[in-house]
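Let me begin by presenting the structure, written as structure tokens, before commenting on it.
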Amino acid sequence: MAHILSAVAWPYANGPRHIGHVAGFGVPSDVFSRYMRMAGHDVLMVSGSDEHGTPILIAADEAGVTPQELADRNHRLIVEDFVALGLAYDLYTRTTTRNHHAVVQELFRGVHANGYVVEQTTMGAISPSTGRTLPDRYIEGTCPICGAEGARGDQCDTCGNQLDPQDLVDPRSKINGETPRFVETQHFLLDLPALAEALSAWLDEREATGLWRPNVIRFSQNILEEIRPRAITRDIDWGIAIPLEGWRENPTKKLYVWFDAVVGYLSASIEWARRIGDPERWRDWWNDPEALSYYFMGKDNITFHSQIWPAELLAYAGRGDKGGEPGTYGELNLPTEVVSSEFLTMEGRKFSSSKKVVIYVRDMLARYQADAFRFFVASAGPENQDSDFTWSEFVRRTNDELVAGWGNLVNRTASLVHKNFGEIPPLGGLEPADAALLERVEGAFDVVGGLIARNRMRQAVGEAMRAVSDVNRYVSDTEPWKLKGEDQRERLGTVLHVTAQCVGDLNVVLSPFLPSSANAVDVALGGAGDVQPMPRIEEVEDLDGGASYPIITGEYSDATPWRRRPLVPGTPVGKPVPVFTKLDAAVVEEELARLEGAGEG
RNA sequence: GGCGGGGUAGCUCAGUAGGUCAGAGCGCACGACUCAUAAUCGUGAGGUCGCGGGUUCGAUCCCCGCCCCCGCUACCA
């Protein structure tokens, strides 16, 4: 048994999340964590809403609310969506808790005390009316090279040249049209070059495991070559105060949102431990060098998880060129594996909320079964390369694979058992075909489990579905509906027992992918429907006197073991109700029309 | 521009340290069956493995060139 930290990317709370987000990190991390619990490991799965930074400020201004109100609203939406999806977090929290602020400040203090924070005066754009940093991408103007209108501060889309915002002709803020002011400003930078050697050694050691996806390790090593100090503060009035004399009181100097967001993995672990009344318990996942940590995210976040966060950890521990001592949290574990997904596209286009090329998690779950969506993501998600979500493919996977393959097997099995016995029949003498199927299906535990442990979800589902196919073939070959005579009753019982056993096995094997329907399938076979625990929303008080907020949590400790559980003859089996809903082919046109309509509106 | 990924049956994708490596699932055609959400089972048709060169006894797999798609490359997060 190992301690396994499932560190799941923190969704940004400037709006509701779309299915691309959960396809990249939500579903894969949940499948992994559920499996690891079943395999007997002590899993801590944490995440939360990322609520600081400029985009939230802007969205709040547009909505006419405070940034906290905007974050409150979106955090709640995300929490509801994730619970509906069945994501079994031990704790899903947020970055505006007092606990998070305190942990981030301790990290900063430690990094600063060890000398890995350097101070620098830089030139930056601010909005004259608010005094806030105006990031390059929020500045537009006329391109000084090609003369095109609408060039962004960082790049001209017309001629493709990289720009400096100060060079733009007639620069203006995209937010309110005012002319930005370029001023000298004091910032703290994380001294990444002083940590480069330690980072490189760590990456080499990680590469040697051969477990990281090749593109992730290569990309990580690549960005190390041009490593530079990186600003970790901003001129902004929304964020975490800088815990130093002379800075703390400055209302418009805050820590950069990314410096704070990645600390969330640690602060959420600490919050979890405090909430269960065992405040030092988080150390089992962070201080024990034997503990494993898996970080799940989309590829746009690789930098922050294979460079910024490890750099913060190394600096805090004093393990860079400048030496130093660990702070009160001690020596903290670096990521075991950075599991990055590629991107999901939408009918061939990139997801874009502003262009309305988007399907929100909420809309998906309002109309379709969560497990149908999870099945799609697991079997066709952007695991090693970008993949495309199309409605026709979603309908096809759901109807032809999930419903016709697995759902129908469950249904025909339960129906045969119900009609012929009304309960699980006893097992008689085994014929070779019976024994072969039982052995083959039991083998699926090792095969599928091994693939999930290596985050090969597509292949894992494929193997499980192959076993489903074999059971369907067994039923067709043995033709239990023809075993009618009294003299064939024992044989009929044996065939149905074997079939039901295999269906039960495969239900466990598929349960990390399809948690809520696994419970329904279990009920159909006379079980208690408790194969997979489900997360819940809880309204909690802030531990340190801040405002209350909703979290996701759950009780997952008595996970169903990842192995065959023999059926008990005599268990009553009722008339089954289909577990999965078959989709009407008209769904495709309806949804495409909805997209078109949104795009034009 | 730099870095990375990808172009294989109608669709979604596996695959090869170069020689039964031309594959799977779905779709399609035909047949079987009827327990099951018209589900299931069997059989079959379908591809010059992006294009052009090269290395080799032999290349989808190695090398060179080219074309196309996607992502990363920011004081966005």
Side-chain angles (χ1 to χ4, degrees), chain A residues 9-14 50-56 58 122-126 133-139 152-155 160-163 165 185 187 189 213-216 218-219 221-223 225-226 230-236 256-258 261 298-304 340 342-343 345 348 350 376 379-380 382-388 390 392-393 396-397 399-420 458-459 461-462 465-466 469 471-483 496 499 576-583:
Chain A
W10 287 53
Y12 196 61
N14 63 338
D50 178 10
E51 304 181 324
H52 296 125
T54 307
I56 288 201
I58 294 169
T122 61
M123 192 63 95
I126 62 164
T133 298
L134 196 55
D136 291 354
R137 68 173 338 213
Y138 288 110
I139 302 172
R152 285 178 297 147
D154 53 350
Q155 187 179 345
N161 283 292
Q162 307 267 328
L163 303 175
T185 174
H187 278 304
L189 285 75
R213 292 175 184 168
N215 54 336
V216 180
R218 218 166 303 159
F219 177 81
Q221 288 166 327
N222 209 344
I223 54 178
E225 286 173 17
E226 292 179 24
R230 186 160 179 149
I232 52 173
T233 52
R234 290 287 186 279
D235 292 301
I236 189 173
Y256 173 41
V257 58
W258 257 110
K299 63 178 158 185
D300 53 334
N301 284 347
I302 294 175
T303 302
F304 299 100
S340 168
E342 303 292 300
F343 282 164
T345 54
K350 197 177 172 183
F376 180 93
S379 54
E383 195 168 293
N384 286 308
Q385 56 185 288
D386 293 351
S387 74
D388 195 31
T390 64
S392 64
E393 189 61 9
R396 188 193 70 69
R397 292 237 178 227
N399 286 351
D400 300 334
E401 295 181 16
L402 184 60
V403 176
W406 173 234
N408 181 59
L409 175 62
V410 170
N411 219 42
R412 72 195 299 211
T413 303
S415 185
L416 282 164
V417 171
H418 170 66
K419 280 184 185 170
N420 289 291
R458 281 174 163 246
Q459 206 182 334
V461 175
M465 291 306 284
R466 207 182 312 282
S469 241
V471 180
N472 263 324
R473 185 177 310 113
Y474 169 85
V475 176
S476 293
D477 289 348
T478 53
E479 301 181 304
W481 51 89
K482 285 187 178 170
L483 301 172
L496 294 187
T499 306
V577 213
V579 171
F580 299 101
T581 308
K582 185 162 180 166
L583 301 176

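- With rounding to whole Å, A:Trp481 atom CH2 is found 11 Å from B:A32 atom C1'.
- One interatomic measurement links the two molecules: CG of A:Asn408 to P of B:C26, which rounds to 13 Å at whole-angstrom precision.
- For the atom pair CD (A:Glu383) and CZ (A:Arg458), the distance works out to 6.5 Å, reported to the nearest 0.5 Å.
- Put simply, the side chain of A:Phe580 does not reach to within 4.5 Å of the side chain of A:Val410, judged on heavy atoms.
- Per the geometry, CZ belonging to A:Phe219 stands 6 Å off P belonging to B:U73, to the nearest Å.
- Between A:Arg466 atom CZ and B:G23 atom C1' there is a gap of 11 Å when expressed in whole angstrom units.
- Counting non-hydrogen atoms under 4.0 angstrom, A:Asp300 reaches a base of the nucleic acid.
- Residue A:Lys419 has a polar side-chain atom (N or O) positioned under 4.0 Å from OP1 or OP2 of B:A36.
- Taking syn as a glycosidic angle within 90° of 0, B:G46 qualifies as syn.
- Distance noted for atom P between B:G50 and B:A14: 14 Å (whole Å).
- Comparing B:G18 with B:U56, their C1' atoms sit 9 Å apart, to the nearest whole Å.
- Nucleotide B:A24 holds its P atom 16 Å from the CZ atom of A:Arg397, rounded to whole Å.
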**OP:** Please report the C-alpha distance between A:Thr122 and A:His187 in whole Å, then the side-chain angles of each, then the deciding distance to 0.1 Å, and finally whether the side-chain hydrogen bond (donor to acceptor under 3.5 Å, both in side chains) criterion is met.
**Re:** CA-CA 7 Å; A:Thr122 61; A:His187 278 304; 4.7 Å; no

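- Under the 6.0 Å distance and 45° angle rule, A:Lys299 does not count as a cation-pi partner of A:Phe219.
- At whole-Å resolution of the value, CE in A:Met465 and P in B:A39 are 14 Å apart.
- When the C1' atom is used for both B:U73 and B:C11, the distance is 33 Å, rounded to whole Å.
- The CZ-C1' distance, from A:Arg458 to B:C26, rounds to 14 Å in whole Å.
- Backbone-only contact: A:Lys299 has heavy atoms under 4.0 Å from sugar-phosphate atoms and none from a base.
- Distances shorter than 4.0 Å separate some side-chain N or O of A:Arg473 from OP1 or OP2 on B:G42.
- Here A:Val257 lies in heavy-atom contact (under 4.0 Å) with sugar-phosphate atoms only.
- Comparing the same atom, C1', in B:A29 and in B:C51 gives a spacing of 33 Å after rounding to whole Å.
- Nucleotide B:U16: unpaired (no Watson-Crick or G-U wobble partner with both distances less than 3.5 Å).
- Following rounding to the nearest Å, A:Arg412 (CZ) and B:A36 (C1') show an atom-to-atom distance of 6 Å.
- The residue A:Val579 sits close to a base: some heavy atom pair falls under 4.0 Å.
- A:Thr581 comes within contact range of no nucleotide atom at all, as no heavy-atom separation falls under 4.0 Å.
- For the C1' atoms, the distance linking B:G53 with B:A17 amounts to 25 Å, nearest Å.
- Between the C1' atoms of B:A9 and B:C72, the separation comes to 32 Å (whole Å).
- The residue A:Asp50 sits close only to the backbone: its heavy atoms come under 4.0 Å of sugar-phosphate atoms, none of a base.
- As judged by a 4.0 angstrom heavy-atom cut-off over every strand, A:Ala404 is placed among residues touching the sugar-phosphate backbone only.
- In this structure, A:Val475 and A:Arg412 have side chains that are in contact, with non-hydrogen atoms separated by less than 4.5 Å.
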